[in-house]
Amino acid sequence: MGGSNVIGKEHGARTGRMPQGPARLATALGIAGLIPFVAGAALALLSDDAAAARAALLAYGAVILSFLGAVHWGLALASGQTETGRAMLRFATSVLPSLLGWAALLLPQVPGFALATAAFALLLAAETLGPLRAGLPGWYLRLRIGLTLGALVALAIGAPIGGGGPA
């Protein structure tokens with residue numbers, strides 16, 4: 001009987017119904033994680049110190065890029081001996097979002113925002129269309145698409161229009 005509940009929950013996650021248990025918590029926390037993106041974009045538009053608001057928004061983006069890379073580090077750690085090739089790909093790929101986020105912080109704001117935006121989009125593409133998709137539950141991929149779109153919109157709204165000085 002317990003096994004059927006697990007199967008039912010997994011099936012529910014694939015059919016589009018509201019995720020249960022840990023997936024529901026991950027969804028709620030992920031949505032809450034958009035708050036700093038929305039606040040940063042709003043402050044970049046409305047604040048007297050837009051450069052500082054943009055710097056904070058870009059810094060939060062870099063932190064989230066590191067978090068997204070860590071997902072794949074954890075999956076690589078959890079993979080079994082039969083998945084050595086996939087684990088190696090995940091380990092190698094997992095450090096790229098952190099490095100790109102860090103580089104974005106070192107650049108002037110215009111190219112920094114462009115690099116962070118590209119990093120979010122490329123990681124999402126690798127997870128939904130590329131080799132990193134294997135082993136990711138459907139609910140996670142749907143969540144990632146929505147959260148990444150939210151982050152990309154916030155970065156676009158908060159990005160400097162002109163030359164933008166150092167972050």
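Taking each heavy atom of L100 and L115 in turn, the nearest pair found is O-CD2, 3.5 Å. Here the closest heavy-atom approach between residue L105 and residue A62 is recorded as CD1-CB, 3.8 Å. Minimum heavy-atom separation, S94 to G69: CB-O, 3.1 Å. Residues P131 and L89 come closest through the heavy atom pair CB-CD2, 3.6 Å. G33 and P36 get closest at one heavy-atom pair: O-CD, 3.4 Å. Scanning both residues, A116 and L58, for their nearest heavy atoms gives CB-CD1, 3.7 Å.
When the side chains of ILVMFWY residues are joined at heavy-atom separations under 4.5 Å, either directly or via intervening members, V38 and F120 end up in two distinct hydrophobic clusters. When the side chains of ILVMFWY residues are joined at heavy-atom separations under 4.5 Å, either directly or via intervening members, L107 and L122 end up in two distinct hydrophobic clusters. Residues L43 and F37 do not share a hydrophobic cluster, defined by chaining ILVMFWY side chains whose heavy atoms lie under 4.5 Å apart. The same ILVMFWY cluster, assembled from side-chain heavy atoms under 4.5 Å apart, contains both L57 and L34. Clustering ILVMFWY residues whenever any of their side-chain heavy atoms sit less than 4.5 angstrom apart, transitively, puts L65 in the very cluster that holds L152.
The backbone N or O of A159 lies less than 3.5 Å from no partner atom in the side chain of R54, so there is not a single donor-acceptor pair.
At a threshold of 4.5 Å between non-hydrogen side-chain atoms, the residues L75 and L132 do not count as touching. With contacts defined as side-chain heavy-atom distances shorter than 4.5 Å, the pair T93/H72 does not qualify.
From S66, atom OG reaches atom CG of L96 across 11.5 Å, with rounding to the nearest 0.5 Å. For the atom pair L141 CG and L136 CG, the distance stands at 5.0 Å (nearest 0.5 Å). The CG atom of L124 sits 10.0 Å away from the CG atom of L147 when rounded to the nearest 0.5 Å.
Applying the side-chain hydrogen bond (donor to acceptor under 3.5 Å, both in side chains) test to T148 and every residue at least two apart in sequence or in another chain returns R144. Listed by chain and residue number, W73 satisfy the ring pair (Phe, Tyr, Trp, His ring centres under 6.0 Å) test with F91 (two or more places apart in sequence, or in another chain).
In this structure, L45 shares a hydrophobic cluster with L46, V153, I157, the cluster being traced through Ile, Leu, Val, Met, Phe, Trp and Tyr side chains under 4.5 angstrom apart.
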